[in-house]
*Asks:* 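The structure is given below, and queries will be raised subsequently.
No hydrogens, no waters, no symmetry mates; every other heavy atom, side chains included, goes into these values. Keep in mind the model is a prediction, meaning the values are calculated, not measured.
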Amino acid sequence: SENGMWGKLGKNMFGCFFPGKNEILTLELAGTIQNSLAELRKETVSIGVAYHPITDFLRDQVLDNALKALDHAAFFGPGSTVSFDAVSLNISGDKMYQNGDIDGAIKEFKAALLLDSSNVNVHNSLGVCYGVSDEYERALEAFEEAIRIDPDETMALYNAGLVNMLVGNQDKALEYFLDADCKEADVFEVALQIGRLYLEMKDSEKGKAFIEKAIKIKPESGFGYRYLGECYTALKKTDEAISAYKVAIRKNPNDADSLSALGHLFDLKGENPEITTILCQQSVDISPDNGLFRYRLGGLFLKRNMLVEALEQFQKADELGHEAKEPIQKVKGLLQEGKCSKRKKVAVE
């Protein structure tokens, strides 16, 4: 009875065009369609509605926008109807982000802001995209705009803190994280990052308090116990550090940081050198590009007089940016002495 057209778009999906209808009239038609179908069968249909004109979208984008609105409708359950809006584009952008299309996601989020410039979630999503693209200044602008719109937005505060951490602005990062913690006190990631920052800033006691808080919020996380081990190490509480690292490894056997740290602490306590070497070797196997791990392993090989193996690890550690020139020279000297002693022995015999 309407001046329009309809047809099948795919499995279980139909599309309808109604020229000359605005958003309100189109939504009324959607309701009519649902009610008519409800009289015939118990199954429901969800409907996504889009119209033209709207901001900078072209007429031939109406169907794509209606499909995005249909994805949006799925969030409300069966039998829902949604009109295309900024949230529809936010959902579409999130899907692109999850699929690795960062540029496409940025385009969607920017379009969403043309529809609703005050949408905090969109600003935050846009900031995340800029962050993963290493465009930290733009990311921070997006997060700060989200915070300006809603000062209680914990996620934007947290993300702004992360960006400041990445660019080396520790004081500002801590300010954002502490603000986020005040707004919402039981967020694991926030408490963990505050603890890490305090640890980096040489305030290990405060760091330990926040990391313990994070562990209380999420006791199944191995990361919390790893950083707790780092706090205890900084506080020179070796036994407590060892216990924390053991828990971290139990929760995540591939935690290279905890394996290396545990091997190092066992060595300091004079434990079985074979065990300490195995732990440090495992950390290198998992993270071969970590210079510190290789340096520690090289030190253990040196203690066991495995000079060739020690030299290899020290050289790779130095190549990876962990200063090891002094032990390299030491091991080379020991190897040279060994060759000289061997020649003398052969001469005497």
*Asks:* Would you say S283 and N290 are linked by a side-chain donor-acceptor pair, where the criterion is simply a distance under 3.5 Å?
*Replies:* no
*Asks:* In terms of relative ring orientation, are F14 and W6 parallel, tilted or perpendicular, with 30° and 60° separating the classes?
*Replies:* tilted
*Asks:* Could you give the distance from CD (E137) to CG (L140), rounded to the nearest 0.5 Å?
*Replies:* 8.5 Å
*Asks:* Starting from I149 and following side-chain heavy-atom contacts under 4.5 Å between hydrophobic residues (I, L, V, M, F, W, Y), which residues can be reached?
*Replies:* V120
*Asks:* Salt bridge check: are E212 and K208 linked by an N-O gap of less than 4.0 Å?
*Replies:* yes
*Asks:* Cut-off 3.5 Å, no hydrogens considered: what does the side-chain donor-acceptor table look like for residues 305-315, sequence neighbours left out?
*Replies:*
| unit_1 | atom_1 | unit_2 | atom_2 | d |
| --- | --- | --- | --- | --- |
| E312 | OE2 | K316 | NZ | 3.1 |
| Q313 | OE1 | R294 | NH1 | 2.9 |

*Asks:* Could you pull out every donor-acceptor pair under 3.5 Å between side chains of residues 24-39 and any protein atom, sequence neighbours left out?
*Replies:*
| unit_1 | atom_1 | unit_2 | atom_2 | d |
| --- | --- | --- | --- | --- |
| T26 | OG1 | N22 | O | 2.6 |
| T32 | OG1 | E28 | O | 3.0 |
| Q34 | OE1 | T81 | OG1 | 3.1 |
| Q34 | NE2 | V45 | O | 3.0 |
| Q34 | NE2 | G79 | O | 3.4 |
| Q34 | NE2 | T81 | OG1 | 3.1 |
| N35 | ND2 | G31 | O | 3.2 |
| S36 | OG | T32 | O | 2.9 |

*Asks:* According to ring pair (Phe, Tyr, Trp, His ring centres under 6.0 Å), who are the partners of Y198, at least two apart in sequence or on a separate chain?
*Replies:* F210
*Asks:* Could you list the donor-acceptor pairs under 3.5 angstrom formed by side chains in residues 103-115, with sequence neighbours left out?
*Replies:*
| unit_1 | atom_1 | unit_2 | atom_2 | d |
| --- | --- | --- | --- | --- |
| E108 | OE1 | K68 | NZ | 3.4 |
| E108 | OE2 | K68 | NZ | 2.9 |
| E108 | OE2 | S92 | OG | 2.6 |

*Asks:* If you count every heavy atom of other residues, nucleotides or ligands that lies below 6.0 Å from K183 atom NZ, does the total exceed 12?
*Replies:* yes
*Asks:* My understanding is that only residues two or more places apart in sequence, or in another chain, count here; which of them pass side chain to side chain donor-acceptor pair (under 3.5 Å) with S46?
*Replies:* none
*Asks:* Kindly state each residue pair satisfying ring pair (Phe, Tyr, Trp, His ring centres under 6.0 Å) with at least one member in residues 215-272, sequence neighbours excluded.
*Replies:* none
*Asks:* Got a sec, which pairs hit salt bridge (charged side-chain N to carboxylate O under 4.0 Å, His left out) with one end in residues 156-178, sequence neighbours left out?
*Replies:* K172-E175
*Asks:* For residues 259-285, pull every pair meeting salt bridge (charged side-chain N to carboxylate O under 4.0 Å, His left out), keeping only residues two or more places apart or in separate chains.
*Replies:* D239-K269, D267-K303
*Asks:* Side chain to side chain contact (heavy atoms under 4.5 Å, CB included) with L40: which residues, sequence neighbours excluded?
*Replies:* none
*Asks:* Below 3.5 Å, can you tabulate the donor-acceptor pairs from side chains in residues 152-160 to any protein atom, sequence neighbours excluded?
*Replies:*
| unit_1 | atom_1 | unit_2 | atom_2 | d |
| --- | --- | --- | --- | --- |
| T154 | OG1 | E184 | OE1 | 3.2 |
| N159 | ND2 | N124 | OD1 | 2.9 |
| N159 | ND2 | M155 | O | 3.3 |

*Asks:* Looking at residues at least two apart in the chain, or sitting in another chain, which of them share a side chain to side chain donor-acceptor pair (under 3.5 Å) with S88?
*Replies:* H72, D85
*Asks:* Could you verify whether a donor N or O on one side chain and an acceptor N or O on the other, from N99 and Y97, lie under 3.5 Å apart?
*Replies:* no
*Asks:* Counting C-beta onward and ignoring hydrogens, is there a side-chain heavy-atom pair between Y51 and N65 closer than 4.5 Å?
*Replies:* no
